[in-house]
Amino acid sequence: MIVTLTANPSLDRTVTLAAPLQVGDVQAARSAREDAGGKGINVARAIAAAGEPCVAVLPLAIDDPFDTALRGSGLDAHRVPVAGHVRANLAITDPAGITTKLNLPGARLSTDEISAVVDATVVAAAGATWLVLAGSLPPGVPDDFYVRVIGAVRAAHGAHAPLIAVDTSGPALAAVVAHGRPDLIKPNDEELGELVGADLAGADARTALDVARALVPGRVGAALVTLGARGALLVDADGAWAAVPPPIRVVSTVGAGDSSLAGYVLGDARGEDADERLRLAVRYGAAAASLPGTQAPTPRDLPGGDIPVTRLA
Ligand SMILES: O=P(O)(O)OC[C@@]1(O)O[C@H](CO)[C@@H](O)[C@@H]1O
């Protein structure tokens, strides 16, 4: 079983334009959709769609309209009751596949609510193979929240604790790398760059590898670095590998990184080697980018064809 925690879920509204976005203009939109989103929920939806047992833990008010979308997704969810309501994030996609994203901070969590989320995650993680901690932290939640969750899960489950993956950014990622010893982090090029104080936007896999090597395996067990259309890089104690996705028609890049992480974790849960885990990550990321809104890919959505994996180290 795989468990995800989404500290800051989001109702993802996607508006599709028939022409490129004109900032400052009035424009007719072609269509809109809503998805129950937030990084851990997106990871969980892709994992569940592949037939792997998965539970998504999230803070959620009893009367939150978000629950309608969440129930519609069919996801097995553990709702931790809180007072605030889930934010709505907006994505605007155009025919060229360019995505513009506007993210709100989310509702504040109280100290008691934060403790309840930690406790619920510890309980849900019993018997899990992976625990995925994903997304930004809402107001009121300290930067070292994921470090606290990792400590509590490992203290409670000892040798039976799940492997822990973290997909976050900024100070929350810095805290995890400094104090959390996660088994896996999944930054994109920009997030990895911010972590080390370098500009890595648009970097190739070899440049990203030079940076990631400073963290792996000293501070984190492995890093899956997503590079958008340039594919992904996997670095662990045994080596480094890069893979590039097949050409696809990009519809919405929202959730592509989350699906890549889902593909990697699925591969690991199935006992696949590093090459195949990376291949699955790249296939899942490409599939998500070819789907509208924050739609999670199913195995049927995965692009076919060979995905060559290059060993870099
Ligand atoms: O504020 P965060 O948690 O960093 O990002 C939130 C978010 O952009 O992440 C997902 C895509 O990765 C979306 O479902 C959601 O709207």
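For ligands, and for the atoms within them, numbers begin at 1 and follow the listed sequence. Source: prediction; values computed, not measured.
Summarising the local packing, CZ of R311 is surrounded by more than 12 heavy atoms from other residues, nucleotides or ligands at distances under 6.0 Å.
Exactly one of L70, V80, V82, T6 qualifies for a side-chain contact (heavy atoms from CB on, under 4.5 Å) with L60. That residue is L70.
Residue pairs meeting the salt bridge (Lys or Arg N to Asp or Glu O under 4.0 Å) criterion with at least one partner in residues 248-261, sequence neighbours excluded, are absent.
Residue-level contacts of ligand 1 at the 4.0 Å heavy-atom threshold are S10, D12, G37, G38, K39, N42, R87, N89, K101, N103, G135, S136, V254, G255, D258, T294.
By the 4.0 Å N-to-carboxylate-O rule, E272 lies too far from R277 to be salt-bridged with it. A salt bridge is absent between R230 and D204; no separation between the charged side-chain nitrogens and carboxylate oxygens falls under 4.0 Å.
Side-chain atoms of D301 do not come within 3.5 Å of backbone N or O of A287 as any donor-acceptor pair.
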